[in-house]
Amino acid sequence: MENMTDNRERNNTTPILILVVPCYNEEEVIGKTAQVMADKLKRLSKEGVVSDKSRVLFVDDGSRDGTKRILHSLCTDSPVFSVITLAGNSGHQNAILAGMMFAKDKADIVVTIDADLQQDIEALDEFIAKYKAGCEVVYGVRNDRSTDGPVKKLTALTYYKLMQFLGSKVIKNHADYRLISAKALNALSGYTEVNLFLRGLIPTMGFPSDVVYFDVKKREAGTSKYTFSKMLNLAIDGITSFSTTPLHLIGVMGFLATILGGILGIVEIVGWALGKNFPGYTTLLIVILALAGLELLSLGVIGEYIAKIYMETKRRPHYIIDTVIWQDPETVRNSHLGNRK
Ligand code: UDP
Ligand code: MG
């Protein structure tokens, strides 16, 4: 019943929305992105969908190009923009975490969205409608992967299948374009793990949620900031931070290898008793290679987990904030969503 009253109240509210936008070397696209996002917020607040205190919060993830300069000048142009600059490049997941944690006490809802305008910003209306209908989390799910190359398509598909097999609650084709309420953000702040995989973590919180489908566009400008190694790391993090199944599989493999060895041994002994001669070295080579391979693989998997434990014990912060330009909606109220001059 409590939820019911919550929902009814929400339908008549105009929530404060903060768009959290991670930026890493995005000088080619960020100016255009800022304009599109500010226009969208302006429209949404005019239509009474969100509060006129809504804003865009850029997180500069240690960019080395002109991004920082452009973001700072955007802030002087319009109070709708704010910027957090991280001291170094902490990676996409940590950048959006920095933005979300900063925004959680200043907004009713936060939407994380990439800086390259690939994710359709028009989906925001639907996100907010779902929030007003009672969802604490709304996941943006891409309609198709036609803008991806064949390699990315295949790796993504294999990855989701693997995650499913390992029992993770990852939502297929959802990549951090999501709405999350202040309530859910507060819950999220209680997760202190260093190995952060938001796409897997947020669904496990169990809040009422829904999905919104959107079309993925080509990057407006610039190139992908996700290098192959960044993608691979994210994939491995996703698996090892959720599932210990690979560790169990090692045990299973070891067990099977031992049984196989035993059977082969018996076959040879029986054969020997019956007076048969085996060309010993071939079988020996195969067995040695197979076992050595399995052992190294197993060590590698265990190593991955030990590395994770090692990092967790350090309890290092996810990100270091260097500077903040926060334009408080209360103080810049009169000039909000327009130019200052
Ligand atoms: N990004 C970031 N830190 C990084 C890498 C990427 O903040 O170390 C940001 C990037 O600026 C963009 C978003 O994360 O806003 C997604 O990156 P990108 O569009 O390059 O990835 P793709 O869409 O190609 O997977
Ligand atoms: Mg992109």
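As the structure lists them, so they are numbered: ligands from 1, and atoms in each ligand from 1. Sequence positions, counted from 1, serve as the residue numbers for this chain. Values below: all heavy atoms of this structure, side chains included; hydrogens, waters and symmetry mates excluded.
- For Lys32, the salt bridge (charged side-chain N to carboxylate O under 4.0 Å, His left out) criterion is met by Glu220, not counting sequence neighbours.
- Residue nearest to atom 25 (O) of ligand 1, selected from Lys152, Lys225, Gln119: Lys152 (by heavy-atom distance).
- Counting atoms of ligand 1 from 1 in the listed order, those under 4.0 Å from a heavy atom of Asp114 are 13 (C), 15 (O), 16 (C).
- Centroid-to-centroid, the aromatic rings of Tyr177 and Tyr139 stay 6.0 Å apart or farther.
- Tyr226 pairs by the side-chain hydrogen bond (donor to acceptor under 3.5 Å, both in side chains) definition with His92, not counting sequence neighbours.
- When hydrogens are left out, the protein atom nearest atom 3 (N) of ligand 1 is Asp61 OD2, 2.6 Å; that is the closest non-hydrogen contact.
- For atom 1 (N) of ligand 1, the nearest non-hydrogen atom of the protein is Tyr24 CB, 3.8 Å.
- Cation-pi geometry between Arg55 and Phe81 is not satisfied (NZ or CZ under 6.0 Å from the ring centre, within 45° of the ring normal).
- Listed by chain and number, the protein N, O or S atoms at a distance under 2.8 Å from the Mg ion (ligand 2) are Asp116 OD2, Gln118 OE1.
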- request: Could you give me the CA-CA distance, side-chain angles and deciding distance for Lys217 and Gln119, then say whether side-chain contact (heavy atoms from CB on, under 4.5 Å) is met?
  value: CA-CA 7 Å; Lys217 301 179 202 150; Gln119 297 152 328; over 6 Å; no
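- The shortest heavy-atom distance from Met231 to ligand 1 is not under 4.0 Å.
- Using a 4.5 Å heavy-atom threshold, the side chains of Thr13 and Pro15 count as touching.
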message: Arg219 vs Asp116, test: salt bridge (charged side-chain N to carboxylate O under 4.0 Å, His left out). Steps then yes/no.
response: CA-CA 6 Å; Arg219 230 177 194 281; Asp116 54 14; 3.4 Å; yes
message: I'd like to know whether Asp215 forms a salt bridge (charged side-chain N to carboxylate O under 4.0 Å, His left out) with Arg142, so could you lay out the CA-CA distance, the side-chain angles of the two residues, the decisive distance to 0.1 Å, and finally the verdict.
response: CA-CA 6 Å; Asp215 290 324; Arg142 52 195 297 176; over 6 Å; no
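- Closest heavy-atom approach to atom 11 (O) of ligand 1 within the set Glu26, His92, Gln93: this belongs to Glu26.
- Closest protein heavy atom to atom 19 (O) of ligand 1: Asp116 OD2, 2.5 Å.
- With hydrogens left out, the protein atom closest to atom 22 (P) of ligand 1 is Ser224 OG, 3.7 Å, a heavy atom.
- A distance of 11.0 Å separates CG in Leu201 from NZ in Lys169, rounded to the nearest 0.5 Å.
- Below 3.5 Å of separation, one finds no N or O of Ala95 facing any N or O of ligand 1.
- With ligand atoms numbered from 1 in the order given, ligand 1 contributes 3 (N), 4 (C), 8 (O) to contacts under 4.0 Å with heavy atoms of Asn89.
- Atom 23 (O) of ligand 1 has as its closest protein heavy atom Gln118 OE1, 2.8 Å.
- In summary, the side chains of Asn89 and Lys230 do present a donor paired with an acceptor at a separation below 3.5 Å, with no hydrogens or angles considered.
- With a 4.0 Å heavy-atom cut-off, ligand 1 is reached by the backbone of Cys23 but not by any atom from C-beta on.
- With a 4.0 Å cut-off on non-hydrogen atoms, Val59 does not touch ligand 1 at all.
- Between Ile202 and Ile180 the shortest side-chain heavy-atom distance falls below 4.5 Å.
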Can you give the donor-acceptor pairs under 3.5 Å from side chains of residues 97-107 to other protein atoms, not counting sequence neighbours?
| from | atom 1 | to | atom 2 | distance (Å) |
| --- | --- | --- | --- | --- |
| Lys106 | NZ | Phe102 | O | 3.3 |

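- When each of Val141, Thr112, Val110 is checked for a side-chain contact (heavy atoms from CB on, under 4.5 Å) with Arg178, only Thr112 meets the rule.
- Of the protein's heavy atoms, Pro22 O, 3.9 Å lies nearest to atom 9 (C) of ligand 1.
- Nearest non-hydrogen protein atom to atom 21 (O) of ligand 1 is Tyr226 CD1, 3.3 Å.
- Counting protein heavy atoms only, atom 8 (O) of ligand 1 is closest to Lys230 NZ, 2.7 Å.
- Residues Met311 and Val194 come closest through the heavy atom pair O-CG2, 3.9 Å.
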